[in-house]
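By convention in this document, chain letters (A, B, ...) are assigned in the order of the sequence lines, proteins followed by strands, and residues within each chain are numbered from 1. Just so it is clear, the model here is predicted, and its values are computed rather than measured.
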Number of protein chains: 2
Amino acid sequence: MSRERHLAYMTVDLVILTVRGGKLQVVLVRRGKPPFEGQLALPGGYLEGEETLDETALRELREETGLDGTRLHLEQLHTYSDPKRDPRGRVITTAYLALVPELERLVAGSDACEALLMPVDDALSGDLLAFDHSMILRDARERARWKLEYTTVAAAFCKEPFTVSDLRRVYEVIWGFELDPSNFRRKVTKMDGFLEATGQVTDSRRGRPAALYRRGPAELLTLPLLRARTRRL
Amino acid sequence: MSRERHLAYMTVDLVILTVRGGKLQVVLVRRGKPPFEGQLALPGGYLEGEETLDETALRELREETGLDGTRLHLEQLHTYSDPKRDPRGRVITTAYLALVPELERLVAGSDACEALLMPVDDALSGDLLAFDHSMILRDARERARWKLEYTTVAAAFCKEPFTVSDLRRVYEVIWGFELDPSNFRRKVTKMDGFLEATGQVTDSRRGRPAALYRRGPAELLTLPLLRARTRRL
DNA sequence: TCAAAAGTGTTCTACTTACACCCATGC
DNA sequence: GCATGGGTGTAAGTAGAACACTTTTGA
């Protein structure tokens with residue numbers, strides 16, 4: 001039995017998604033040193049000192065984008081451990097998913113010489129990304145789609161305050177089809193805790209001004225599904 | 001800047017859940033050596049050699065229960081990285097969730113002197129478990145409840161072939177309330193790909209014999225939710 | 001024949017869908 | 001006025017909840 005207890009390097013990779021120009025986009029960096037020098041990759045870095053992975057993710061997010069992850073949707077996705085995933089040796093990475101409303105600045109990190117925003121579809125076409133980052137990005141997009149279906153995270157893509165149409169456009173971009181504006185509005189406004197009215201309206205450029213909302217406290221979209229006869233046992 | 005790249009030991013901890021005696025139960029081991037000697041803990045072990053975490057989880061599951069994880073529901077849950085979570089030093093663990101229909105045998109692992117099944121509620125009352133395993137178990141139960149709501153994993157708790165009532169009892173135990181048998185049956189049988197009829201029936205002990213089913217190929221429970229006007233963009 | 005569990009039918013209600021229509025603004 | 005997007009009303013269809021009722025077995 002080769003019962004060697006393996007010491008491994010731990011890294012965190014970030015999938016930072018945003019909606020821009022009618023497309024779901026991801027933050028990528030061009031690697032400034034080997035391995036995969038010059039290729040595109042997800043931003044990330046080593047776990048340092050006494051950090052938790054969450055803290056590493058927050059630090060990397062700040063270094064890369066200047067954003068404060070504590071006020072954003074930032075969640076752990078999955079841990080990737082294929083021994084061949086990094087040619088340098090045993091490097092295990094935990095991927096985090098960040099959903100951000102906008103990106104004011106993109107800051108190049110220490111081992112990146114360039115940070116950029118790219119449509120997810122483009123990033124996944126061909127074999128563009130370093131390491132196993134194509135797989136990670138695919139998993140992240142799946143998770144985002146799934147979460148939109150069952151939770152209120154779509155609002156995490158909207159800069160507050162936002163309109164019902166802003167929110168609807170997020171769903172349309174990520175799901176790839178149009179939603180009926182009137183029915184969509186009824187559903188999200190009637191759902192308890194999804195949206196909070198600010199009382200303000202947009203100063204419209206075209207058409208009637210739209211009411212402005214903030215994110216509400218609700219996180220899950222409730223649905224009856226298999227439930228019936230909800231008598232407590 | 002203390003930019004030391006941290007080497008860490010990686011472990012895998014298993015949350016093996018099953019439904020027995022009308023309760024959700026979890027497999028625990030009594031630790032045979034320090035730290036936390038004599039206390040209860042989730043079964044787990046070190047990542048070894050060139051294993052992936054998935055392979056470690058499969059190996060541990062087989063060692064602990066004799067079960068073949070490739071034929072069960074086994075999924076990665078979350079990675080826990082608090083630097084103080086293990087008094088021995090920096091040990092990062094990835095938790096896996098296994099849903100099993102039954103446990104024929106429980107095999108004590110190398111650093112465990114005893115493996116046992118315990119109701120999840122009991123395991124979480126007080127501060128029974130070693131390390132951060134109470135938190136892991138709580139997270140696992142949350143994930144299981146959530147997955148029952150949106151996927152067909154409930155069937156993973158049922159030994160094939162099973163009846164609609166067997167399946168319903170799983171939901172009732174995990175959600176904590178009764179479901180209407182007739183409406184439940186209609187929903188799960190009408191849902192495409194959830195159940196596959198075997199054509200067989202139980203040899204009933206009481207009442208009319210029940211039709212027997214196998215798990216179908218479907219994994220997600222489809223629901224319209226926010227969707228309307230599904231015209232492709 | 002009775003009890004018990006499986007399974008079907010039926011009514012009422014609530015929600016979804018599709019779409020007509022009104023509202024408020026800029027030009 | 002007219003175009004544009006915001007927002008409401010509503011009729012038809014669908015799906016869930018509740019529960020009465022039938023079926024099939026063991027005792």
* To do: Provide, to the nearest angstrom, the distance between the CD atom belonging to A:Glu178 and the C1' atom belonging to C:dC19.
  => 15 Å
* Are A:Ser165 and D:dG6 close enough that a side-chain N or O sits under 4.0 Å from OP1 or OP2? -> yes
* Can B:Asp139 and B:Tyr80 be counted as having a side-chain donor-acceptor contact under 3.5 angstrom? -> yes
* Asked: Is A:Thr202 touching bases, backbone alone, or none of the nucleic acid, heavy atoms closer than 4.0 Å?
  -> nothing
* **Spacing of A:Asp180 atom CG relative to C:dA20 atom P, expressed in whole Å** => 11 Å
* Asked: Could you give the CG-to-P distance, from A:Leu179 to C:dA18, as a whole number of Å?
  -> 11 Å
* Structure fact -> Those residues at least two apart in sequence (or on a different chain) that pass salt bridge (Lys or Arg N to Asp or Glu O under 4.0 Å) with A:Asp166 are A:Arg169
* Rounded distance (Å) that lies between atom P of C:dT17 and atom CZ of A:Phe184 -> 13 Å
* Partner set under salt bridge (Lys or Arg N to Asp or Glu O under 4.0 Å) for A:Arg185, not counting sequence neighbours -> none
* Structure fact -> By nearest-nucleotide position on DNA chain C, the 5'-leaning member of B:Ala210 and A:Pro209 is B:Ala210
* Quick one: does A:Arg186 reach the base of D:dT10 with a side-chain donor-acceptor pair under 3.5 Å? -> yes
* For the pair made of NZ in A:Lys187 and P in D:dT8, what is the distance, rounded to whole Å? -> 16 Å
* To do: Indicate whether OP1 or OP2 belonging to D:dT8 is found under 4.0 Å from a side-chain N or O atom of A:Arg185.
  => yes
* A:Asn183 CG - C:dA18 P separation (whole Å) -> 8 Å
* To do: Go through the side-chain N and O atoms of A:Thr52 and B:Ser81 and say whether any donor and acceptor fall under 3.5 Å apart.
  => no
* Which part of the nucleic acid does A:Thr163 contact within heavy-atom distance under 4.0 Å: base, sugar-phosphate only, or nothing? -> nothing
* To do: Rounded to the nearest angstrom, tell me the gap between atom CG in B:Leu212 and atom C1' in D:dT25.
  => 15 Å
